[in-house]
Chemist: 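Attaching a single structure in structure tokens format; questions to follow.
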Amino acid sequence: MKPFAFTRATDADTAVQAATQPGARFLAGGTNIVDLMKEGVEAPDRLVDINRLPLAAIEAQPGGGLRLGALARNSDTANHPVLRTRYPLVAQAILAGASGQLRNAATNGGNLRQRTRCPYFYDVTQPCNKREPGTGCSALQGFNRNHAVLGTSAKCIASYPGDMAQALHALDAVVQLQGPSGRRTIPIALFHRLPGETPELDANLAPGELITAIDLPAESARFAQRSHYLKVRDRASYAFALVSVAAALDMEGSRIRQARVCLGGVAHMPWRAREAEALLQGAEPNMALFRQAAEAALAGATGFEHNRFKIELAKRSIVRALETTSRSTA
Amino acid sequence: MTSLLSDERQADDLPDDDSNSPLLPSPAGQLTRRAFLAESGTTGIAGILASAPMAASVASAAQANADAAPPSSSMALALRVNGKPHALQVDPRTTLLDLLREQMALPGTKKGCDHGQCGACTVLVNGRRINSCLALALSHDGAEITTIEGLARGSELHPMQAAFIKHDGFQCGYCTSGQICSAVGMLREAEQGAPSHVTADVRRTGPMAPLSDAEIRERMSGNICRCGAYPGIVAAVREVSLAMPRAASSRRSRA
């Protein structure tokens, strides 16, 4: 591992200032960046340890929402009574990811920033546009079983590896940021990004910008009665998703007032299936409708040599997740 | 080697066939497997270097690397490890795992994959289980660390250690210290009412039913055992889990 300077920050202003220097990175739980540093994928000149910043609280908001501190650990977040009862989809998604040990270390902010597990991104001897822009994408013609089928570009077909974020996207979470030029708030839909021509960027963040909190809006608690996170993977636990589905329904009598469907494992970012959501809205739930929604969600999908199976798998997973969701009750 | 041995927990009523085992420390004064391997390894490498023609170039390459990469300046770190305070100086690159094994002579914590994929390096930090291989030591300044060496009380094994022996929860033993530390941390999480991926409804907070085998397997899935000793591991964890007082979770539910 390349030597680096280590700074312990005790307040957000100092942390942001230190992280604005070129070559600086934040260190929270470390479960991803330390691994990347061991592999030489990340080689920061300075780590800014933000673990002492007062950003670990999970607080109910006056308007009925819930604020998840960026430094609250994944395990504490998943076990928070308000999150469990009002936003169970988020708890389910967190618990579907990683292991007990990793969730105890990993933070909510860090979870949003975790990087793809594309094997070529991790292998510094291979070309990779995400790691080293302009070198090419080895996955296009390589082993691409775990890669994206939606929203890919000729520069990158990597998939986003997380679970929690699918639930946050489905529930229209809002990300609180603090940067060198002040604070700002962005919808999570605008936080992650597709690879396009600049796959080296995973998120729309300015240099030195720090996630301080993730807000769950009060209105998203209406999905608490019916939501489900389905994760399909190669083994029963402790594996990244081949495909995952965060599904949520808000019912009005026998009809769907609002539906949320967000896919994981299929794109460079959590993929909101808005066409599927539009089909579901106002309709009465049934299997034919779910199949129609699934077809709509994957209509634009393009597979590669080893991951074409994901398209059919994603459709079936959407149907299963919606079926499970529609059956769940208070 | 003597300093290494003297730091290992002693127990005079246990067999001496495997000092490397987290369960079975060896009596003082005997040659242990660790000591033997370390000793013969050093001799072996020296022998090879002395006789190999490339010895000089290997040595000079190593020197060049050292020159090219200026050493990170070490920083102060205070930790309590297994109940004892330590004031340390560490290179910022040092993981908690390497600190324990290389700098503190606590080799009970194992390095398996070194990438957070196997759980062999699991230790308890302020009572919570984490992968020590992915934890930079400096980010845990002031923490209370418990390793496998700190679970027993004198010669009395921790109930989880005793249960692993009783139920044959290991074969080669390499994952065992991580399994045991993980299981201890996991039962504390369950005691605090934490749900898991296989919990039927995360919305139901409050006291939990005794952990089913499915719950134990899911909650222990961060610890891989290549020998496949899982049936014994689950049996050991189940036994300790059932013997635990459940008062804590009831208290919590009323709060």
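This is a predicted model, so every value here is computed, not measured. Chain naming here is simple, since letters A, B, ... match the order of the sequence lines and numbering starts at 1 in each.
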Chemist: For the pair A:R84 and B:D201, find out whether any cationic side-chain nitrogen is under 4.0 Å from an anionic carboxylate oxygen.
Modeler: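 Between B:D201 and A:R84 there is no salt bridge, as every charged N stays at least 4.0 Å from the carboxylate O atoms.
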
Chemist: So which bits of residues 232-239 of chain B come within less than 4.5 Å of chain A, counting non-hydrogen atoms only?
Modeler: none

Chemist: Which distance, rounded to the nearest 0.5 Å, do you find between the CZ of B:R203 and the CD of A:Q92?
Modeler: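 Output value for this atom pair is 8.5 Å.
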
Chemist: Could you tell me the separation between the OG1 atom of B:T205 and the NE2 atom of A:H80, rounded to the nearest 0.5 Å?
Modeler: 11.0 Å

Chemist: Heavy-atom pairs under 4.5 Å with chain B - which of A:A91, A:A98, A:S237 has more of them than the others?
Modeler: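 Of the candidates given, the most pairs with chain B belong to A:S237.
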
Chemist: Which bit of A:N104 comes within less than 4.5 Å of chain B, counting heavy atoms only: side chain, backbone, both or neither?
Modeler: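 When you check distances to chain B, atoms from both the backbone and side chain of A:N104 fall under 4.5 Å.
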
Chemist: B:R204 versus chain A, heavy atoms under 4.5 Å apart: side chain, backbone, both or neither?
Modeler: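 When you check distances to chain A, only backbone atoms of B:R204 fall under 4.5 Å.
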
Chemist: Against chain A, label B:M186 side chain, backbone, both or neither, depending on which of its atoms sit under 4.5 Å from a heavy atom there.
Modeler: neither

Chemist: So how far is it from B:L138 CG to A:N51 CG, rounded to the nearest 0.5 Å?
Modeler: 11.5 Å

Chemist: Could you look at A:A78 and say if it's the side chain, the backbone, both or neither that has a heavy atom under 4.5 Å from chain B?
Modeler: backbone

Chemist: Quick check: closest heavy atoms across A:L27 and B:L136, and the distance to 0.1 Å?
Modeler: CD2-CD1, 4.0 Å

Chemist: Check the side chains of B:S221 and A:R235 for a donor-acceptor pair under 3.5 angstrom, ignoring hydrogens and angles.
Modeler: no

Chemist: With a 4.5 angstrom heavy-atom cut-off, is it the side chain or the backbone of B:S196 that approaches chain A, or both, or neither?
Modeler: backbone

Chemist: Going from CD on B:E189 to CG on A:D76, what distance comes out if it is rounded to the nearest 0.5 angstrom?
Modeler: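 Here the rounded value is 9.5 Å.
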
Chemist: Given heavy-atom pairs under 4.5 angstrom as the criterion, report whether the side chain, backbone, both or neither of B:T95 touches chain A.
Modeler: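 The side chain, not the backbone.
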
Chemist: Tell me, for A:I33 versus chain B, whether the close heavy atoms (under 4.5 Å) come from the side chain, the backbone, both or neither.
Modeler: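 Nothing of A:I33, per the 4.5 Å heavy-atom cut-off to chain B.
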
Chemist: Among A:I94, A:L83, A:L95, which residue satisfies the side chain to side chain contact (heavy atoms under 4.5 Å, CB included) criterion with B:V202?
Modeler: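 Among A:I94, A:L83, A:L95, the one that satisfies the side chain to side chain contact (heavy atoms under 4.5 Å, CB included) with B:V202 is A:L95.
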
Chemist: For each of A:N32, A:T85, A:L47, tally heavy-atom pairs with chain B at distances under 4.5 Å, and name the one with the top tally.
Modeler: A:T85

Chemist: By a 4.5 Å heavy-atom criterion (distance strictly below it), what part of A:L102 contacts chain B: side chain, backbone, both, or neither?
Modeler: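 Answer is both: backbone and side chain atoms of A:L102 are under 4.5 Å from chain B.
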
